[in-house]
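First comes the structure, then the notes that go with it.
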Amino acid sequence: MIPEAKINQEIKSMTLCVAGLSFILIGVFVLTDKFSLSVLLGIAVGSAASIGNFMLNIYTAKFSAKHDQKQASSIVILSKVIRTFLMGAIAYVILLVPILHDMSGIVALFFPQISRAILYITKK
């Protein structure tokens, strides 16, 4: 069983890292003189979706730990399929809605993976 404090710490670390990457991306757009409200909204939607996906992943792992191995693997696989579909739907919405900047929103969807790499490197 994963302690609640450990889960909260992981979510907090990931959220702070995603926020840092969001500010860096905003800085890149400001420096290239391409910053606009649509960039900010795209980053906000992409970052929120990616953090939500990460939280669902954590809570799926916690929930699946309560079951036997076969049931747990089925739960994890089903969660992965649903979360992948949701992220694809969010990416589609980002591309579809004109007020959301396409590139900034899609790039922000990958921030948790980048954050995991950063946190892994800095914890060693």
same_hphob_cluster(V30, I43) at 4.5 Å side-chain heavy-atom cutoff
yes
**Asked** Can M103 and H101 be said to form a side chain to side chain contact (heavy atoms under 4.5 Å, CB included), step by step?
**Response** CA-CA 6 Å; M103 193 203 65; H101 190 266; 3.8 Å; yes
Would you say that I114 contacts F111 through its side chain, given a criterion of any heavy-atom pair below 4.5 Å between the two side chains? yes
Query raised in the report: Do V39 and K34 have side-chain heavy atoms sitting under 4.5 Å apart?
Result: no
Within the 4.5 Å heavy-atom criterion, are I118 and L21 side-chain neighbours or not? yes
Requested in this report: With the side chain counted from C-beta on, respond yes when V18 and S22 share a heavy-atom pair under 4.5 Å apart, and no when they do not.
Outcome: yes
Below 4.5 Å, heavy atoms only, C-beta onward: do N53 and P112 meet side chain to side chain? no
Hydrophobic cluster membership, with links at side-chain heavy-atom distances under 4.5 Å among I/L/V/M/F/W/Y: are L37 and L95 in one? yes
Q.
Applying a strict under-4.5 Å side-chain criterion to I, L, V, M, F, W and Y, I'd like to know whether I51 and Y59 cluster together.
A. yes
Should F54 and T15 count as side-chain neighbours, where that means a heavy-atom distance under 4.5 Å? no
Within a reach of under 6.0 Å around CD1 of I99, are more than 12 heavy atoms found that belong to other residues, nucleotides or ligands? no
E10 and K123: salt bridge (Lys or Arg N to Asp or Glu O under 4.0 Å), yes or no, with the steps?
CA-CA 12 Å; E10 285 294 319; K123 285 185 179 179; 3.4 Å; yes
State whether the side chain of T122 and the backbone N or O of L119 hold a donor-acceptor pair below 3.5 Å, judged by distance alone.
-> yes
- Verdict with supporting geometry, N57 and S79, side chain to side chain contact (heavy atoms under 4.5 Å, CB included): CA-CA 8 Å; N57 188 24; S79 170; 5.5 Å; no
| query | Taking atom types as modelled and ignoring hydrogens, do the side chains of S13 and Q9 form a donor-acceptor contact shorter than 3.5 angstrom? | reply | yes
**Message:** Does L100 form a side chain to side chain contact (heavy atoms under 4.5 Å, CB included) with S38? I'd like the steps, not just the answer.
**Reply:** CA-CA 5 Å; L100 301 175; S38 67; over 6 Å; no
d(Q69 CD, S74 OG) to nearest 0.5 Å is 10.5 Å
- Query: Considering only heavy atoms from C-beta outward, does the side chain of K80 approach that of V76 to under 4.5 Å?
  - Reply: no
Apart from L16 itself, its cluster of hydrophobic side chains linked below 4.5 Å comprises none
**Request:** Evaluate the criterion side chain to side chain contact (heavy atoms under 4.5 Å, CB included) for residue pair M14 and R116; output intermediate values, then yes/no.
**Result:** CA-CA 7 Å; M14 183 63 63; R116 271 191 216 135; 3.6 Å; yes
If two hydrophobic side chains count as joined below 4.5 Å and joins carry through other members, does L109 share a cluster with L56?
no
Q) If two hydrophobic side chains count as joined below 4.5 Å and joins carry through other members, does V93 share a cluster with I90? A) yes
### Query
Do S50 and F110 have side-chain heavy atoms sitting under 4.5 Å apart?
no
